[in-house]
Amino acid sequence: MSIAKTYTPADVEAKWYQRWQEQGFFKAKPNPRKPAYSVVIPPPNVTGVLHMGHMLNNTIQDVLVRRARMQGKEACWVPGTDHASIATEAKVVALLKEQGIEKRDLSREEFLTHAWDWKEKYGGIILEQLKKLGASCDWDRTRFTMEPELTEAVLRVFVDLYQKGQIYRGIRMVNWDPQGRTAISDEEVIAKDTVAKMYYLRYEVVGGENSAVKTENLETEGAEQHEAQLSALTSKFLLIATSRPETIMADVAVAVNPNDERYTHLHGQKVRIPLLGREIPVILDEYVAMDFGTGGLKVTPAHDLNDYELGIKHNLPVIDILNDDGTLNEKAQLYVGQDRFAVRKQIAKDLQEAGLLEKIEDYNSVLQTSERTGAVIEPKLSLQWFCKMDHMAKKALEVVENDEIKLHPPKFKNMYRVWMENVRDWCISRQLWWGQRIPAYYLPDGSFVVALNQEQALEQAREQSGNANLQLTDLRQDEDVLDTWFSSWLWPISVFDGFKDPDNADINYFYPTDDLVTAPEILFFWVARMIMAGLEYRKEVPFRNVYLTGIVRDDQGRKMSKQLGNSPDPLDLIATYGADGVRTGMLFSSPAGNDLLFDIKLVEQGRNFTNKLWNAFRLTQGWEVNAELPFASAKAVEWFGAKLQATVAELDEHFAKFRMSDALMTVYKLVWDDFCSVYLEMVKPAYQAPIDAETLKHTIGYLETLLKLLHPFMPFITEEIWHELKERGPKEYLCVAPWPKLAPVAGGAELLSRMDKALDIVAGVRNIRNQKGLGPNKPLTLAAKTDDAQLLQDYDGIIRKLAALTEVTLTDAAPAASVGFVSGGSEFFVPLEGQIDLGAEKARLEKELEYTRGFRDTVLKKLSNEKFVQNAKPDVLERERQKQTDAESKIAALEQSLAAL
RNA sequence: GGGAGAUUAGCUCAGCUGGUUCAGAGCAUCUGCCUUACAAGCAGAGGGUCACUGGUUCGAACCCAGUAUCUCCCA
């Protein structure tokens, strides 16, 4: 026998992954004889490399998919990647820059050539890495959100929604990313708390007394005088608080609340913008908060959403002083060409020198930043394309509310509802090149048509303009591309070609998909919108269950990130601990929706578990069979059969509730505790003694069942052992073996509870061994005072073997010089000549007696409570009575033991 | 500022419609073991006023109210 003592995953993982692929086990096609099970991968960005979040997410998907496959479903896991418009473009731009090439020097086509090169080179890395993890995707179905077919789907949807009036073009305040130089959606904005400065600026009142007041005076005078001076000052100046002094050149008004008595004298007046001197009106609006700042608000419609709305209401002009890159343009008149933040510093100085800066205060505010580039977002008015959300959101909310789609854990339902009820129109245009170009074509007269391709656009344009001579060259396609999510929201449909060919066999069979596994942070970005698209284009939800994973954090609770350097390299982990070890390690601590505090110890635990399994297998391979021997382990076999059945039922329940961690723990304990520590110890023959054929047959059968249950979690080692156990047919792989479906064992509950009692006796003996320092193998005997002699008779062999007893006898009284324990209602004694400490033994018994009496008393108290007896359900009452009986017999046993000492 | 969720052993978490076990698991800890499958192991043990304060109930970790702390979402 030469099976390695330690399992080495590296030796087998690549081999089995290759065989599975060769056998085509991961391939799925419509099969009317089988129920479909499908999952679409959340397509990783082509910019990414595998990180711990992918490991968790894809492990969970693989567990679900592998189990479904074993359950006899046509399991289809569709992989693919996402073109990640802004992130990829940024990477390519940076790479070109390193080579000394500027994007602006390239034509669109030239740039895209570079981008595609980049995608071909790096875009598939993550998918290759997922194979190392064991992901059982149908690789033939690998899709890319920007491939021709999926691009066509995107364009079709754009045209269709435009024709339905769901997509429109309009000037709106958008979130502008000056670094990416593109608009981004509301959902891509991250708010960060920050301490900013509040600048108090003096706007000179036109026609007021034009004498500057020195700030120093204000600071040195007393409070009363200060007030007096301040009020004098307000007749000359209006004090305005702003966190963005660099935007004053874009001011078109200042606003005060009409109810604000401090400013009544300013109604109908004008003020001058500091430094610039331009006159702007004082407008009245109840929107202005009187208790914020000074109660005066500068109105800058081009650079603030609220101001923009005020501007519309009061019919104010719009002055946009910012370039796309965040520098000031000539409309600002001052500081032209300088960056907005540089200007902020400079203007504060200049204002100070001009005596127009009253003071600067710290101020807690929220900084809006770009999820993609980290740049501070600039609210910017621009002409963009929008997709209406209200109608689609309403329907997408309904299906989650009525559980047609279930979120796991359900706590996310609340979040989802709030978002769907407050959703705003979706800005879908991006000022980038990498992505699907918006299929809108502008005519020379400035009007436009929307069409699937140039030919159709030309046709429409001729019709619309009445000019039959219009040529393609007269048309100019919109320069912008679509938001990446505008392609990913179609993913569950487009991967099955559901737009090109809405009635094809694949989509009819695999759609709706079953489960989606993703991160809560893209619940709205992606999940909600897939639901919208599904309902819009298939009239059916895209999936039934959404399992939301947590964020992988380090053991200090910090999010894993490259910058912190606190993330292990997943491939190193796999190389060190094996894919199976890593998979189980990740799952050990990942209840649905909770963040996972990654700890290498858990991966170690996973690795140890594979080794445990390996050694259980090794044990069974070391046995020699003697066909002459009678079946020696009937009790053990019978018990484990019942245990297995009960556990499989429990396991299926965990899966049904998407409790992956609990499911894993259930099998873990079944294998380690019940199978290895108990069952194998029961059936294991003495050293070099042979085993009987019947016991071996059952044991191998059980091991095979365990391998099946483990396979979704640990595909590699289980497949390896499966094939080591015996010669298998060419198609006979564990990967496609049927999932155990066990019928309830007659009297199973009774079998389990009887064995529990027997094992409790074993534990009692072992405890005494430990206490007395006797070692595990010193031969002992056991005397029992019990009403259940049958138990001892039935389990005699097991008890003696596991507790290393030479004999178990019945007795009426405690033997002299023995240590006792109580189990169930019975009393047990281990005679120990010369090793008894009478005092200690007495103390121990008394302690237990006191405790048991206390317990009995609480039970009695309950039972003597009339209201309890009246109100409690019969089974509860019955249990309490049982407790009383058990406690009383235990007390009697203890009392006798004490008396016998 | 508005909303949601959480608080149970040293750590990470279960605990279903209140009632099997005067609270469970894994890890960690402690004790003893290199016992012929496994020291990546075996056997055993200790460890909790279920955040706090009230209330409802025969009975509360669980239901209700308030307080404190934390997390997330939205502004």
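Chain naming here is simple, since letters A, B, ... match the order of the sequence lines and numbering starts at 1 in each.
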message: Using side chain to side chain contact (heavy atoms under 4.5 Å, CB included), reason through A:Asn767 and A:Phe821 one step at a time and then give a plain yes or no.
response: CA-CA 9 Å; A:Asn767 191 357; A:Phe821 63 92; over 6 Å; no
*Measure up the A:Trp485 and A:Trp526 rings against each other and bin them: parallel (under 30°), tilted (30 to 60°), perpendicular (over 60°).*
tilted
By the 4.0 Å heavy-atom rule, please label A:Asn611 as base, sugar-phosphate, or nothing. base
[atom1] gap between [N] and [M], integer Å:
N: B:G55; M: B:C62; atom1: C1'; answer: 15 Å
N: B:G47; M: B:C38; atom1: C1'; answer: 28 Å
N: B:U69; M: B:C64; atom1: P; answer: 22 Å
N: B:C50; M: B:A9; atom1: C1'; answer: 10 Å
N: B:U31; M: B:C73; atom1: C1'; answer: 49 Å
N: B:G59; M: B:A14; atom1: C1'; answer: 23 Å
N: B:U67; M: B:G10; atom1: P; answer: 29 Å
N: B:U12; M: B:C58; atom1: P; answer: 39 Å

Using only side-chain N and O atoms of [X], determine if any of them is under 4.0 Å from OP1 or OP2 of [N].
X: A:Arg766; N: B:G44; result: yes
X: A:Tyr668; N: B:C27; result: yes
X: A:Lys411; N: B:C73; result: no
X: A:Trp672; N: B:C42; result: yes
X: A:Asn608; N: B:G41; result: yes
X: A:Lys5; N: B:A39; result: yes
X: A:Thr6; N: B:C38; result: no
X: A:Arg659; N: B:G15; result: yes
X: A:Lys684; N: B:A37; result: yes

Quickly work out the [X] [atom1] to [N] [atom2] distance and round it to whole Å.
X: A:Phe617; N: B:G41; atom1: CZ; atom2: P; answer: 19 Å
X: A:Ile377; N: B:A75; atom1: CD1; atom2: P; answer: 13 Å
X: A:Asn615; N: B:C38; atom1: CG; atom2: P; answer: 6 Å
X: A:Lys612; N: B:G26; atom1: NZ; atom2: C1'; answer: 16 Å
X: A:Phe609; N: B:G26; atom1: CZ; atom2: P; answer: 13 Å
X: A:Gln368; N: B:C73; atom1: CD; atom2: P; answer: 13 Å
X: A:Leu863; N: B:G19; atom1: CG; atom2: C1'; answer: 12 Å
X: A:Tyr416; N: B:C74; atom1: OH; atom2: C1'; answer: 17 Å

| task | Please confirm whether any donor atom in the side chain of A:Arg607 sits under 3.5 Å from an acceptor in the base of B:A40, or the reverse. | result | yes
- Donor-acceptor pair present, A:Glu681 side chain and B:A37 base, under 3.5 Å: yes
Going through the distances and angles, do A:Val582 and A:Met55 end up as a side chain to side chain contact (heavy atoms under 4.5 Å, CB included)?
-> CA-CA 9 Å; A:Val582 177; A:Met55 297 279 277; 3.4 Å; yes
Among [options], the nucleotide that comes nearest once only the side chain of [X] is considered:
X: A:Ala763; options: B:C73, B:G26, B:G44; value: B:G44
X: A:Lys657; options: B:C16, B:A43, B:A37; value: B:C16
X: A:Asn770; options: B:G32, B:G26, B:C38; value: B:G32

task: Please answer whether the main-chain N or O of A:Asp674 pairs with a side-chain N or O of A:Ser677 as donor and acceptor at a distance below 3.5 Å.
output: no
Exercise for review: Report yes or no: does A:Asp599 contribute a side-chain atom to a donor-acceptor pair with the main-chain N or O of A:Leu602 at less than 3.5 Å?
Suggested key: no
Per-residue pairing states of RNA chain B in dot-bracket (Watson-Crick or G-U under 3.5 Å; . unpaired, | other strand) read (((((((..((((.....[....)))).(((((.......))))).....(((((..]....)))))))))))).
Assert: residue with more 5' nearest nucleotide on RNA chain B, out of A:Val418 and A:Leu619, is A:Val418
Heavy-atom nearest nucleotide on RNA chain B taken for A:Val869 and for A:Leu597; more 5' hit belongs to A:Leu597
- Query: Any side-chain heavy-atom pair from A:Glu681 and A:Lys801 closer than 4.5 angstrom?
  - Reply: no
Is the distance between the ring centroids of [X] and [Y] under 6.0 Å?
X: A:Trp419; Y: A:Tyr416; answer: no
X: A:Tyr668; Y: A:Phe588; answer: yes
X: A:Tyr679; Y: A:Tyr702; answer: yes

Those residues at least two apart in sequence (or on a different chain) that pass salt bridge (Lys or Arg N to Asp or Glu O under 4.0 Å) with A:Glu888 are none
